[in-house]
Visitor: 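My structure is below; once you've seen it, I'll send some questions.
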Number of protein chains: 2
Amino acid sequence: MPRDLRMSRMLHVLIHLDRHVERATSDQIAKMITTNAVVVRRMMAGLRERGIVTSEKGHGGGWQLARPLTEISLCDVYEAVGRPPLFNFGSEAEPANCLVEQAVDARLEATLLEAEERLLEQFSQIAVEELAQDFERRFEGIRSAERQSCSTISEKS
Amino acid sequence: MPRDLRMSRMLHVLIHLDRHVERATSDQIAKMITTNAVVVRRMMAGLRERGIVTSEKGHGGGWQLARPLTEISLCDVYEAVGRPPLFNFGSEAEPANCLVEQAVDARLEATLLEAEERLLEQFSQIAVEELAQDFERRFEGIRSAERQSCSTISEKS
DNA sequence: AAGACATGAAACTTTGATTGTTGCGTGACA
DNA sequence: TGTCACGCAACAATCAAAGTTTCATGTCTT
């Protein structure tokens, strides 16, 4: 059930930039997340504005982390990709003149707002570095499995 | 920020069916929520399957509540409209072969799943009757304001 | 200075899910 | 028998994210 992929994708990229490449062009990044360079620039522009990455033009240019993953929270990334609406549902756009609808909307929005605040609070307490460590645990798990079984599981992209 | 409106709309309708009309045709309901009869039938079919409303064909037919609003929770309605995805974002559809992406997806999905469970738990503890009472408080507020100012604020739809 | 490389930015197309629409079939009541 | 109302299927409209194309700008190398 694919929806807005920007946050997931940007987290993916940030970890690669920290653990694997240090600097990468939009094209290289595009291959990491199986899309194209323009989409990458569009998303990364938000990260640059928030001081999470920097970009350089010309030969040897590309994208680079501007600060360590320990100082980037999931909330930072969420805001950097434009604070898209968290929920997939809600009420009509214009305020209703029907009082029943007003009551329903108010209650629903209040409930969602509360849930949103809780989720963002959680996001603000998770550093991207934590996800990078999740990855390394997975990597070590695969490596040790390889040593035992001599199978050829390899890391890709 | 309009997204999936089904839950909001169905709550609206259920309260009208309890407080105002008792039985209504798809066309009448369509006017309440400013859409057309087919859309109404599509959404209400889910409510009927869950035993929340009943429908009758022919003369004098239409839709009717099958049980009191005190016995219908927001969660019931959410499930009746098909359990649409709660969140507006997520990860790629197919499981990744990149370990970094796997780690990001796993963490993100776990966080969202937790938030989803909390929200549904809250939904299951709110009866539609509560929203109906929210409405009546609003209604009384307007009535008393009318008595004081002789203005002509009227309830619509 | 020329050319290749890489980002910046604008305009357009594609995609996917909800919503909206049309048409026809079926059951029920007068 | 005719009207009313739901049931159902197929199709069009809508909207945002994602994808694409094109051109401009800046930078490094030769």
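None of the values given here were measured: they were computed from a predicted structure. Convention: sequence-line order gives letters A, B, ...; per-chain numbering from 1.
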Visitor: Sequence neighbours left out, what passes side chain to side chain contact (heavy atoms under 4.5 Å, CB included) with B:Asp134? Give chain and number order.
Guide: A:Ala103, A:Arg107, B:Leu131, B:Arg137
Visitor: Which atom pairs link the protein and nucleotides 21-23 of chain C when you take only N or O atoms and keep those under 3.5 Å?
Guide:
| residue | atom | partner | partner atom | Å |
| --- | --- | --- | --- | --- |
| C:dT21 | OP2 | B:Asn36 | ND2 | 3.0 |

Visitor: Less than 4.0 angstrom between a side-chain N/O of A:Ser55 and OP1 or OP2 of C:dA6, yes or no?
Guide: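 It does not, given that no N or O in the side chain of A:Ser55 lies less than 4.0 Å from OP1 or OP2 of C:dA6.
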Visitor: What pairs of donor and acceptor atoms, side-chain ones from residues 38-51 of chain A against any protein atom, are under 3.5 angstrom apart with sequence neighbours left out?
Guide:
| residue | atom | partner | partner atom | Å |
| --- | --- | --- | --- | --- |
| A:Arg41 | NE | A:Ser26 | OG | 3.3 |
| A:Arg48 | NH1 | A:Ser55 | OG | 3.1 |
| A:Arg50 | NH2 | A:Glu79 | OE1 | 2.7 |

Visitor: Would a distance-only check, ignoring hydrogens and angles, find a side-chain to backbone donor-acceptor pair under 3.5 Å from A:Asp105 to A:Ser91?
Guide: no
Visitor: How many whole angstroms separate atom CG of B:Asp27 from atom P of D:dG7?
Guide: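 Result: 13 Å.
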Visitor: Could you check how far CD of A:Gln28 sits from C1' of C:dA6, rounded to whole Å?
Guide: 11 Å
Visitor: Can you list the steps and then say if A:Arg19 with A:Glu129 is a salt bridge (charged side-chain N to carboxylate O under 4.0 Å, His left out)?
Guide: CA-CA 10 Å; A:Arg19 293 297 207 268; A:Glu129 173 65 23; 3.1 Å; yes
Visitor: Nearest-nucleotide wise, let me know which of B:Ala37 and B:Asn88 is further upstream toward the 5' end of DNA chain D.
Guide: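 Residue closer to the 5' terminus by nearest nucleotide: B:Ala37.
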Visitor: I'd like to know whether B:Ile29 forms a side-chain contact (heavy atoms from CB on, under 4.5 Å) with B:Thr35, so could you lay out the CA-CA distance, the side-chain angles of the two residues, the decisive distance to 0.1 Å, and finally the verdict.
Guide: CA-CA 9 Å; B:Ile29 293 175; B:Thr35 179; over 6 Å; no
Visitor: For A:Arg83 and D:dA17, what is the distance between atoms CZ and P respectively, to the nearest whole Å?
Guide: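 Roughly 15 Å, once rounded to whole Å.
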Visitor: Tell me whether the OP1 or OP2 atom of C:dT18 has a side-chain N or O from B:Arg3 closer than 4.0 Å.
Guide: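 B:Arg3 to C:dT18 OP1/OP2: no side-chain N or O under 4.0 Å.
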Visitor: Any donor-acceptor pair under 3.5 Å linking the side chain of B:Glu56 with the backbone of B:Gly62?
Guide: no
Visitor: Do any N or O atoms from the side chain of A:Gln64 and from the backbone of A:Thr54 form a donor-acceptor pair under 3.5 angstrom?
Guide: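 Here the side-chain-to-backbone pair does not exist.
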Visitor: Go through the structure and list residues passing ring pair (Phe, Tyr, Trp, His ring centres under 6.0 Å) with B:Phe87, not counting sequence neighbours.
Guide: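 So B:Phe87 forms a ring pair (Phe, Tyr, Trp, His ring centres under 6.0 Å) with A:Phe87.
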Visitor: Could you grab the distance from atom CG of A:Leu112 to atom CD of A:Glu116, nearest 0.5 Å is fine?
Guide: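 Rounded to the nearest 0.5 Å, the CG-CD separation comes out at 8.0 Å.
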Visitor: Measure from CG on B:Leu86 to P on C:dA17 and round the result to the nearest Å.
Guide: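 Taking atom P of C:dA17 as the reference, CG of B:Leu86 is at 16 Å.
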Visitor: Nearest whole Å is fine: how far is C:dG20 C1' from B:Leu5 CG?
Guide: 12 Å
Visitor: Please work out if B:Arg23 contacts a base, only the sugar-phosphate, or nothing of the nucleic acid, heavy-atom cut-off 4.0 Å.
Guide: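 Here B:Arg23 touches no strand at all.
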Visitor: N/O contacts under 3.5 Å, protein versus nucleotides 27-30 of chain D?
Guide:
| residue | atom | partner | partner atom | Å |
| --- | --- | --- | --- | --- |
| D:dC28 | O2 | A:His59 | ND1 | 3.3 |

Visitor: Can you name the closest pair of heavy atoms from B:Ala24 and B:Met32 and give their distance?
Guide: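 Closest heavy-atom pair between B:Ala24 and B:Met32: CB-CE, 4.4 Å.
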Visitor: Report the distance from atom CD of A:Glu92 to atom C1' of C:dT19, rounded to the nearest whole Å.
Guide: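 So the two atoms are 10 Å apart, to the nearest Å.
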Visitor: Quickly work out the B:Arg9 CZ to C:dT18 C1' distance and round it to whole Å.
Guide: 10 Å
Visitor: Tell me whether the OP1 or OP2 atom of C:dT7 has a side-chain N or O from A:Ser26 closer than 4.0 Å.
Guide: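 Yes, within the criterion.
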Visitor: Establish, yes or no, whether a centroid distance under 6.0 Å links the rings of A:Phe135 and A:His16.
Guide: no
Visitor: Would you indicate which nucleotide in D:dA5, D:dA17, C:dA6 comes nearest to any side-chain atom of A:Thr25?
Guide: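 Within the option list, the nearest is C:dA6.
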Visitor: Which residues in residues 43-51 of chain A have at least one heavy atom lying under 4.0 Å from any atom of DNA chain C?
Guide: A:Arg48
Visitor: Could you tell me whether a side-chain N or O of B:Tyr78 sits under 3.5 Å from a main-chain N or O of B:Ser124, the two making a donor and an acceptor?
Guide: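 Between the backbone of B:Ser124 and the side chain of B:Tyr78 there is no qualifying donor-acceptor contact (under 3.5 Å).
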Visitor: Please give, in whole Å, the distance from D:dC15 C1' to B:Asp4 CG?
Guide: 14 Å
